[in-house]
**Q** 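Sharing a structure, written as structure tokens. Questions coming.
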Amino acid sequence: MCNINREQKLAYLLRHDKQYNFDIHGWREVHDLVENHGYTQEELASIVKNSNKQRFEFSDDGLLIRARQGHSIQVDVALTEATPPEYLYHGTVVSNVASIMEKGLLPMNRLYVHLSVDESTALKVGSRRKGGAVVLKVAARRMWEAGHRFWFSRNGVWLTKTVPADYLIIDDK
Ligand code: HQG
């Protein structure tokens with residue numbers, strides 16, 4: 001069984017912890033999490049295996065662990081650059097929409113804007129926050145054709161640096 005709070009704490013420790021000196025590829029020593037943050041090897045293995053979004057991975061030798069995406073710290077987690085499908089989706093809340101339609105989608109505290117391959121996933125992302133969820137449709141292929149770069153993480157999240165408002169369509173289903 002995977003305790004969601006322990007997983008969330010791990011997500012923080014692997015994506016946002018400015019106190020730790022991460023390797024440039026985002027790896028943190030398993031030993032550090034065991035010694036200083038109260039995890040056991042078994043608990044970490046269980047979280048990595050059972051994370052519903054497959055957020056984390058171990059190095060081949062099992063000594064290091066990292067998040068696959070979602071960082072605010074500057075790391076290069078070997079994302080795959082790729083040509084996006086015609087449309088990708090971004091889940092947000094009503095109160096952000098006016099600002100987004102003015103300034104475009106910005107990465108805010110993270111390194112990238114996060115996009116989903118389908119509307120239902122984006123709706124779940126938007127529903128994490130209070131306020132009505134809104135799904136924005138992103139004309140991703142048109143952006144790519146205009147020179148914007150896209151990557152995807154090993155757990156299937158699409159990433160780009162910013163999405164100018166011209167490429168956004170409000171899906172009010
Ligand atoms: C919004 C979770 C106003 C943006 C999820 C979002 C995702 C703007 C918030 C992943 C804006 C940033 C990322 C603008 C963007 N004006 N608001 N110009 N541009 N925003 O958490 O995409 O469970 O950094 O719409 O499932 O919500 O952690 O990004 O509401 O995949 O693995 O600013 O985090 O994955 O919020 O979520 P976030 P996000 P995990």
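Counting starts at 1 for both ligands and their atoms, following the listed order. All values derive from a computational prediction rather than experimental measurement.
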**Q** Do me a favour and list the nearest non-hydrogen protein atom to atom 36 (O) of ligand 1 with residue, atom name and distance?
**A** R129 NH2, 3.1 Å
**Q** Could you check whether E86 pairs with R142 (Lys NZ or Arg NE/NH1/NH2 to Asp/Glu carboxylate O, under 4.0 Å)?
**A** no
**Q** Are L106 and ligand 1 in contact, using a heavy-atom cut-off of under 4.0 Å?
**A** yes
**Q** Just to be sure I'm reading this right: ignoring hydrogens, which of K103, R55, H90 gets closest to atom 23 (O) of ligand 1? Compare them by their nearest heavy atoms.
**A** R55
**Q** Hey, which atoms in ligand 1 end up nearer than 4.0 Å to a heavy atom of S99?
**A** 3 (C), 14 (C), 16 (N), 18 (N)
**Q** If you take the nearest heavy atom of each of Q69, R128, M108, M101, which one is closest to atom 39 (P) of ligand 1?
**A** R128
**Q** For atom 26 (O) of ligand 1, find the nearest protein heavy atom and state the residue, atom name and distance (0.1 Å precision).
**A** K53 NZ, 2.6 Å
**Q** Can you tell me which residue and heavy atom of the protein come closest to atom 1 (C) of ligand 1, and the distance to 0.1 Å?
**A** N96 ND2, 3.6 Å
**Q** So, 4.0 Å and heavy atoms of I100: is ligand 1 close enough to count as a contact?
**A** yes
**Q** Could you verify whether a donor N or O on one side chain and an acceptor N or O on the other, from N96 and S99, lie under 3.5 Å apart?
**A** no
**Q** Which class fits the ring pair F22 and Y20: parallel under 30°, tilted 30 to 60°, perpendicular over 60°?
**A** perpendicular
**Q** Kindly compute the distance separating CD1 (I47) from CZ (R6), expressed to the nearest 0.5 Å.
**A** 6.5 Å
**Q** Assess E102 for proximity to ligand 1: is some non-hydrogen atom of it under 4.0 Å away?
**A** no
**Q** Taking only heavy atoms of R15 into account, list the atoms of ligand 1 that are under 4.0 Å away from them.
**A** 28 (O), 32 (O), 40 (P)
**Q** Please tabulate, one pair per line, all N/O donor-acceptor pairs under 3.5 Å involving side-chain atoms of residues 157-169, not counting sequence neighbours.
**A**
residue: T160; atom: OG1; partner: R149; partner atom: O; Å: 2.7
residue: K161; atom: NZ; partner: L111; partner atom: O; Å: 3.3

**Q** Only heavy atoms of T92, strictly under 4.0 Å: list the atoms of ligand 1 that pass.
**A** 4 (C), 25 (O), 30 (O)
**Q** Can you tell me which residue and heavy atom of the protein come closest to atom 10 (C) of ligand 1, and the distance to 0.1 Å?
**A** H114 ND1, 3.3 Å
**Q** In Å and rounded to the nearest 0.5 Å, what is the CG to CD distance from L13 to Q8?
**A** 12.0 Å
**Q** Using the rule that two of Ile, Leu, Val, Met, Phe, Trp, Tyr join whenever any of their side-chain heavy atoms come within less than 4.5 Å, decide whether L105 and V93 are in one cluster.
**A** no
**Q** Going by the order shown, which atoms of ligand 1 are within less than 4.0 Å of some heavy atom of G104?
**A** 14 (C), 18 (N), 19 (N)
**Q** Please check if atom CG in N52 has more than 12 non-hydrogen atoms from other residues, nucleotides or ligands closer than 6.0 Å.
**A** yes
**Q** Please list the nearest protein heavy atom to atom 34 (O) of ligand 1 with its residue and the distance rounded to 0.1 Å.
**A** R110 NH2, 3.3 Å
**Q** Less than 4.0 Å between a side-chain N and a carboxylate O, is that true for D17 and R28?
**A** yes
